[in-house]
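Here's the structure, in structure tokens; my notes come after.
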Amino acid sequence: MSDKKLATVAVRTGIESDTQFNAVVPPIYLTSTYGFPQLGELPQYDYSRSGNPTRNMLAEALAELEGGAGAIVTNCGTAAINLLVSALLGPGDLVVAPHDCYGGTYRLFNTRAEKGDFQVRFVDQTNPQAVAEALALKPKLVWVETPSNPLLRIVDIAELCAAADKVGALVAVDNTFLSPILQQPLALGANFVVHSTTKYINGHSDVLGGVLVAKSEEQAEHLAWWANCIGATGAPFDAYLTLRGLRTLAPRMRMHEENSAQILAFLQTQPLVGQIYHPSQPSHPGHEIALQQQKGFGAMLSFEIAGSQAQLETFVRELTCFSLAESLGGTESLICHPASMTHRAMSDEAQAAAGLKPSLLRLSVGLEDPADLIADLAQAFQKAAEVAA
Ligand SMILES: *Cc1c(COP(=O)(O)O)cnc(C)c1O
């Protein structure tokens, strides 16, 4: 572990490590297999499912950025989540997860629990009573996602980790929305961090990937064994591209945040904007916790349209700098309608229970010039205002 700052680790990991030609940028190793020096003598790498120099370099960078002992780079974020529960949980073991966790996580935990692989209990982790009741059941694992999607609810990581530790539960945090630049759960007491590197870490919307970082050496080794066993590891080419994206993570996060702060200020002046969800707002539940445990508020924000469905549809259709798409964290700005897109698998009742209204829109603010983004939003609001309410 070096004492370098995060931006430096992201930029310099693996630079000038090539021993053959002293290439400044580390080469990509696309091989699936490696020669044995001689019969009975194991090489450093023998097969790329178990180990690959390009993938290992990305894993090393991500482990260091999160302050973990080791990391496993997987083929997508979902595979990293599945790896952890596969390695950790058996029948009879309980995982406690947030009721508003990422839809794919919800489906994975639920489906595997129905199959009898383990047990799951979804709770509102912002409700201390519900958390205390769930912890009393002595779970093996507590799953945390903060800020949550799409309402940006905040969970106090340090407090939950301390409470989990008292009942012998391990804690895993899905840190996809903030990246290690803005939040470091292991330093707050978590045992594992998961990312969909598809999002901010790669940052260019052109690779699917994931990572599972373990705080302890022992857990890292255990998880690496399991990743090879179940075939969860990522491809070298994807790892190469993700390491390339990672180089600019720190300045990208800064710009994503600056742009989203400007957009937030603009949204606050708009008559067609209802409730806004962003942890930077003093009225946002968990704002004080976010100030403590985050190094920034992130660039995801949601808001309700204070108008008709027709106005919402016009607004979304007229935008030209925000693509109507799922996913997040890329250089390009995206807009999503959670009720009909990312969260459509939830019933109307489940959406209502989670506080997710049909008038809600979610923005992933990109790196375009913020003046263009604001002008685009302004003209779309104008067109929406012309539609009968
Ligand atoms: C996208 C996402 C995932 C799943 O990652 P994939 O790379 O799509 O498999 C998990 N958690 C969060 C918070 C996400 O946004």
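Each residue takes its place number in the sequence, starting with 1. Both ligands and their constituent atoms are indexed starting at 1 by order of listing.
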Nearest non-hydrogen atom to atom 7 (O) of ligand 1 belongs to which of T198, N175, I81? T198
Nearest option to atom 11 (N) of ligand 1, as decided by whichever heavy atom of T176, D174, T197, T105 sits closest: D174
Using the rule given for side-chain contact (heavy atoms from CB on, under 4.5 Å), can you reason through D100 versus Y106, listing the C-alpha separation, both sets of side-chain angles and the distance that settles it, and then say yes or no? CA-CA 8 Å; D100 56 351; Y106 185 86; over 6 Å; no
What atoms in ligand 1 come closer than 4.0 Å to a heavy atom of G77? 5 (O), 6 (P), 7 (O), 9 (O)
Atoms of ligand 1, numbered as shown, that sit under 4.0 Å from any heavy atom of G209: 7 (O)
Which part of T78 is near ligand 1, with near meaning a heavy atom under 4.0 Å away: side chain, backbone, both or neither? both
Tell me the protein heavy atom at minimum distance from atom 4 (C) of ligand 1, and give that distance in Å. Y102 CE2, 3.4 Å
What residue and heavy atom of the protein are closest to atom 2 (C) of ligand 1, and at what distance? K199 NZ, 2.5 Å
Working note: N52 + Y45, criterion side-chain contact (heavy atoms from CB on, under 4.5 Å); need CA distance, chi angles, decisive distance, verdict. CA-CA 7 Å; N52 172 276; Y45 294 100; 5.5 Å; no
When the ring planes of F315 and F381 are compared, do they come out parallel, tilted or perpendicular, using 30° and 60° as the limits? parallel
For the residue pair Y200 and H256, categorise the inter-ring angle as parallel (less than 30°), tilted (30 to 60°) or perpendicular (more than 60°). perpendicular
Among side-chain atoms of Q38 and E41, is any donor-acceptor pair under 3.5 angstrom? yes
Using distance alone, with no hydrogens and no angle criterion, decide if R112 and S86 have a side-chain donor and acceptor under 3.5 Å apart. yes
So, is A79 polar-close to ligand 1, with some N/O to N/O distance under 3.5 Å? no
